[in-house]
Amino acid sequence: EGCRIIETKQLGDHVGAALYEDGHLWIYGYGDMNTPSSFTNADKITEVEFEDMLIEEYDEKGNLIEENVKNPVITSIGDNVFNGCKNLKEIEIPDTIKSIGNYAFSECTALEDFTLPTSLKTVGDYAFSECNELTKVEFPESVETIGSYVFYNCKNIKEVCIGKNVTSIGSSLFCGTPITKLTVPYVDKNLTYKENIGNGFLANPETLNTIIVTGGNEIPAYAFWGLYNLEKVVLSNTIESIGDNAFTGCCSLNSIEYI
């Protein structure tokens with residue numbers, strides 16, 4: 001109350017935002033954030049509140065038509081929306097969000113571990129890049145598509161779990177990170193380090209020591225090639241074949257288990 005608004009922004013056809021001088025960002029409305037944009041005062045944002053819009057309809061006498069009351073929700077976080085919010089430490093993403101756009105939280109360098117909503121289906125490129133306080137991320141089973149470079153240069157991330165329903169994973173997911181434990185629903189040749197040197201999702205092999213594969217029916221040739229600090233691999237009992245040289249160069253490997 002009495003706090004001055006220092007910036008307003010239209011984030012979508014029916015989504016707006018107001019930033020107050022105390023660092024509180026109010027995002028209101030319904031539908032997608034389909035207008036790629038970041039805040040001029042992004043470094044002043046310290047907390048975020050999402051508020052869905054209540055739509056009411058009245059008859060000619062001014063009486064509320066209760067059966068026509070609607071409460072549509074905000075369904076996406078657009079490209080660049082929180083890019084550069086260097087003082088944002090915590091966020092609670094509503095369970096109505098289905099997609100997180102490209103660079104949505106990029107350079108949120110103070111953002112700590114948080115929970116992704118079970119409504120989420122898509123995560124865009126560089127979505128959490130350079131979020132240096134993130135240490136662990138678990139994708140809910142609702143997620144189907146994960147973009148490229150999602151955790152680029154996240155300096156403290158150690159553990160990531162990707163849900164079983166993901167069907168598309170972009171390149172270089174962990175480029176520049178110190179990740180040590182990774183859970184994935186499958187491994188195919190497009191995700192292996194050998195086939196995509198510098199671009200595969202295992203783009204930082206020197207730190208990874210545990211891989212858990214929860215599904216799929218094969219481990220392709222050269223799947224874990226060159227992961228010289230890899231100590232433990234856990235494979236799904238659905239795996240029927242392991243390709244040539246799948247573990248070549250894994251000189252620290254001492255355990256392969258099936259679940």
Side-chain angles (χ1 to χ4, degrees), residues 113 116 122-259:
D113 294 352
L116 291 170
T122 303
V123 178
D125 299 341
Y126 292 91
F128 304 109
S129 59
E130 299 188 69
C131 290
N132 291 333
E133 293 303 313
L134 290 182
T135 62
K136 180 179 180 180
V137 174
E138 183 170 351
F139 289 95
E141 292 188 358
S142 58
V143 174
E144 299 171 355
T145 302
I146 299 174
S148 299
Y149 291 92
V150 170
F151 299 107
Y152 175 73
N153 270 0
C154 289
K155 298 300 185 184
N156 286 300
I157 198 159
K158 297 296 178 65
E159 183 176 348
V160 172
C161 180
I162 298 175
K164 65 180 181 180
N165 293 316
V166 169
T167 57
S168 176
I169 301 174
S171 64
S172 299
L173 215 61
F174 307 110
C175 183
T177 74
I179 186 169
T180 59
K181 183 178 181 180
L182 174 63
T183 301
V184 289
Y186 65 90
V187 177
D188 65 24
K189 68 178 182 180
N190 293 322
L191 300 180
T192 65
Y193 184 71
K194 177 68 173 179
E195 294 292 324
N196 295 278
I197 294 177
N199 294 315
F201 83 126
L202 304 180
N204 202 36
E206 63 269 19
T207 59
L208 198 57
N209 61 44
T210 302
I211 296 177
I212 302 171
V213 183
T214 59
N217 51 36
E218 71 167 335
I219 300 297
Y222 297 98
F224 307 119
W225 179 83
L227 300 181
Y228 52 82
N229 277 322
L230 185 63
E231 298 176 2
K232 182 178 181 179
V233 174
V234 179
L235 302 177
S236 168
N237 57 18
T238 61
I239 300 296
E240 298 174 353
S241 65
I242 297 177
D244 295 339
N245 299 300
F247 298 102
T248 296
C250 298
C251 52
S252 300
L253 185 62
N254 56 47
S255 175
I256 299 178
E257 301 175 6
Y258 284 85
I259 55 173

Gap between atom CG of L173 and atom CG of D125 - 0.5 Å precision: 10.0 Å
If you round to the nearest 0.5 Å, how far is SG of C175 from CG of N153? 6.5 Å
d(K155 NZ, E130 CD) to nearest 0.5 Å is 8.0 Å
Taking the six-membered ring for Trp, are Y126 and Y152 parallel (under 30°), tilted (30 to 60°) or perpendicular (over 60°)? perpendicular
Under 3.5 Å donor-acceptor, T135 side chain and N156 backbone: no
May I ask you to decide if Y228's main-chain N or O and S252's side chain share a donor-acceptor pair within less than 3.5 Å? yes
Going through the checks in order, is the side-chain contact (heavy atoms from CB on, under 4.5 Å) test met by L208 and F224? CA-CA 10 Å; L208 198 57; F224 307 119; over 6 Å; no
To the nearest 0.5 Å, what is the distance between OG1 (T180) and CG (N229)? 10.5 Å
About how many Å separate OG1 of T183 and CD of E159, when rounded to the nearest 0.5 Å? 6.5 Å
Let me have the donor-acceptor pairs involving side chains of residues 230-239, under 3.5 Å, with sequence neighbours excluded, atom names and distances please.
unit_1 : atom_1 : unit_2 : atom_2 : d
S236   : OG     : T238   : N      : 3.1
S236   : OG     : T238   : OG1    : 2.8
N237   : ND2    : I259   : O      : 3.3
T238   : OG1    : G216   : O      : 2.5

Would a distance-only check, ignoring hydrogens and angles, find a side-chain to backbone donor-acceptor pair under 3.5 Å from N217 to E240? no
Which heavy atom of I212 sits nearest a heavy atom of K181, and at what distance? CD1-CE, 3.8 Å
Taking atom CZ of F139 as the centre, does the number of heavy atoms from other residues, nucleotides or ligands within less than 6.0 Å exceed 12? yes
Flag the pair V143 / L116 as yes when at least one side-chain heavy-atom distance between them is below 4.5 Å, and no otherwise. no
On a heavy-atom basis, which atom in Y186 and which in V166 lie closest, and how many Å separate them? CE2-O, 3.3 Å
Does any non-hydrogen side-chain atom of F151 lie less than 4.5 Å from one of V137? yes
P185 side chain near N165 side chain, heavy-atom distance below 4.5 Å: no
Out of curiosity, C154 SG to N132 CG, how far, rounded to the nearest 0.5 Å? 6.5 Å
Derivation and outcome, side-chain contact (heavy atoms from CB on, under 4.5 Å), residues T207 and K158: CA-CA 9 Å; T207 59; K158 297 296 178 65; over 6 Å; no
Quick one: does any side-chain atom of S148 pair with a main-chain N or O of G170 as donor and acceptor, under 3.5 Å? no
How about CG on D244, more than 12 heavy atoms from neighbouring residues, nucleotides or ligands closer than 6.0 Å, or not? no
